[in-house]
Amino acid sequence: MAEIGKDIEKAASLLSSGKLVAIPTETVYGLAGNALDENAVLAIFKTKKRPSFDPLIIHLGDIEMVKEYVREIPEELALLAEKFWPGPLTLLLPKKKVISDLVTSGLDTVGVRVPRHPLTRNLLQTLNFPLAAPSANPFGYISPTAAIHVQDQLGKKVPYILDGGTCEVGLESTIVGMEQGQVIIYRLGGISVNHIESVVGKVLILPQSSSNPKSPGMLKSHYAPRKPMVLGNLDELMIKHRQKGTVFAVLTFNRSIPEVPADLQFELSPEGDYDEAARNLFLAMRALDNSKAEIILAEELPEINLGKAINDRLRRASAK
Ligand code: TXA
Ligand code: MG
């Protein structure tokens, strides 16, 4: 099993010698390796069982460091960086040659993020290379929002997990890029569409495509529990499954269901707070996936604030 601790020097020394370390970020835990070391990059793909066509994002300590690895930052994206970095924003920027095609799966752009979790910020400030880090989950499964989640799934494959507590945002970063002067959101995430649009005006949200996706985070079925999950009108779903005699669990935004046992339900935010709901989402999906239920029944949130991104994850988790 992996050692879990808060030792930044230990993490830095492992990473400098080409090893992988799981790192906390404000969004989800990442499986990090030296982005300039092709063997470390290959190890990330292998450890996650991630297909090589799905590019990695790189993490850096500040925007000055970012400029060493990208050819330019278009004005609109620079405004977003200024406003939301450090934070849950990933920008797709034209890469310099020093970033290997292995990282970007052959694309000319590289996803870059300056995370704001203090432990990982300190770590990045001490390193002289960027960290490539996808979410620290096996490909396709729910992203980890606590060190123990990483231990449960990848503990046998990584030497060290840097423990930064529970992730504050709980959803992956929002991915933004530009094509022909148009700002595009490629993945909904921890920064809401409203917040992005308050800085750069109307953006295009790329509809999910399942054939030859440009960004496999956009694959329809993703972030999924092992148990079947069904999204819809919860009251109708519960009636149907009660009649069938299925043992079901329920995932709600802000209501509790008196007739369902407490260990078979998860209310994302009793107060109806979208940030709290986001923080709890993956935790809830994991808990219900590990419950005795045969199936998870869930309902969508209003498409307000982070409700949009939460619904995106719920839809992908329930896609067949
Ligand atoms: O919040 C996050 O972004 C977390 C933490 C650890 O930073 N990381 C994360 O990485 O979610 P990952 O690999 O699980 O998701 C990154 C997504 C993938 O779906 C990938 O396809 C897409 O970003 N991506 C990366 N580089 C890209 C590029 N150059 N063009 C289009 N999509 C890209
Ligand atoms: Mg991921």
Side-chain angles (χ1 to χ4, degrees), residues 20-33 35 41 44-45 47-60 69-71 77 84-95 99-117 119-121 123-124 130-145 149-150 153-154 161-162 164 167-179 184-191 206 208-210 212-224 278 282 309 312-313 316-317:
L20 305 188
V21 171
I23 56 166
T25 84
E26 69 279 16
T27 60
V28 300
Y29 275 71
L31 177 64
V41 171
I44 293 175
F45 281 99
T47 304
K48 263 192 75 116
K49 298 203 169 77
R50 177 175 176 123
S52 61
F53 60 76
D54 189 356
L56 304 180
I57 66 177
I58 63 170
H59 300 68
L60 286 155
Y69 300 99
V70 304
R71 301 199 299 275
L77 301 188
F84 298 117
W85 276 351
L89 171 74
T90 295
L91 296 177
L92 300 183
L93 299 168
K95 76 175 185 77
I99 298 297
S100 153
D101 282 339
L102 283 179
V103 172
T104 63
S105 304
L107 296 173
D108 184 48
T109 56
V110 59
V112 187
R113 183 159 105 79
V114 177
R116 78 163 174 246
H117 191 290
L119 266 187
T120 290
R121 284 204 83 193
L123 172 65
L124 287 166
L131 289 179
S135 50
N137 50 295
F139 186 70
Y141 193 67
I142 305 162
S143 298
T145 50
H149 300 164
V150 182
Q153 293 185 298
L154 298 177
I161 301 172
L162 193 59
C167 299
E168 176 201 339
V169 176
L171 285 180
E172 296 86 350
S173 59
T174 303
I175 301 183
V176 184
M178 278 190 88
E179 284 177 45
I184 300 176
I185 292 184
Y186 293 86
R187 177 177 72 184
L188 297 167
I191 294 182
L206 214 69
Q208 65 183 28
S209 72
S210 50
N212 194 20
K214 177 155 185 196
S215 166
M218 306 192 20
L219 283 172
K220 225 174 147 211
S221 172
H222 215 83
Y223 313 105
F282 290 151
D312 170 82
R313 300 301 189 274
R316 288 172 206 274

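Counting starts at 1 for both ligands and their atoms, in listed order.
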Work out which heavy atom in [X] is nearest to a heavy atom in [Y]; give both atom names and the distance.
X: S52; Y: S105; answer: O-OG, 2.8 Å
X: D101; Y: L107; answer: OD1-O, 4.4 Å
X: L77; Y: L91; answer: O-CD1, 3.5 Å

For [X], counting its heavy atoms only, list the atoms of ligand 1 lying under 4.0 Å from any of them.
X: L92; value: 27 (C), 28 (C), 29 (N), 30 (N), 31 (C)
X: D54; value: 18 (C), 19 (O), 20 (C), 21 (O)
X: T27; value: 1 (O), 2 (C), 4 (C), 5 (C)
X: A133; value: 6 (C), 8 (N), 10 (O)
X: S135; value: 8 (N), 9 (C), 10 (O), 12 (P), 14 (O)
X: I175; value: 17 (C), 22 (C), 23 (O)
X: T109; value: 28 (C), 29 (N), 30 (N)

Using distance alone, determine whether [X] and ligand 1 share an N or O pair under 3.5 Å.
X: K48; result: no
X: Y29; result: no
X: E172; result: no
X: T25; result: no

task = State plainly whether the residues R113 and E172 are in salt-bridge range, i.e. N to O under 4.0 Å.
result =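 E172 and R113: not salt-bridged.
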message = Using heavy-atom distances only, which candidate in P55, S173, A22 approaches atom 33 (C) of ligand 1 most closely?
response =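 Of the listed residues, P55 has the closest heavy atom.
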key: Heavy-atom nearest neighbour of atom 7 (O) of ligand 1 within options H59, R187, R50   =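 Nearest heavy atom to atom 7 (O) of ligand 1 lies in H59.
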query = Which bit of L107 is near ligand 1, meaning a heavy atom under 4.0 Å away: side chain, backbone, both or neither?
reply =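 L107 to ligand 1: side-chain contact only, backbone stays beyond 4.0 Å.
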request  = Rounded to the nearest 0.5 Å, what's the gap from NZ on K48 to CZ on F139? Could you check?
outcome  =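 Answer for the NZ-CZ pair, K48 versus F139, is 7.5 Å.
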query = Atom OH of Y186 and atom OG1 of T109: how far apart are they, to the nearest 0.5 Å?
reply =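 Here the rounded value is 7.5 Å.
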ask   = For the Mg ion (ligand 2), how many protein N, O or S atoms come closer than 2.8 Å?
value =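 Counting protein N, O and S atoms closer than 2.8 Å to the Mg ion (ligand 2) gives 1.
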key: Check: T174 side chain, I191 main-chain N or O, donor-acceptor pair, under 3.5 Å   =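 The answer is yes, because a donor-acceptor pair under 3.5 Å joins these two groups.
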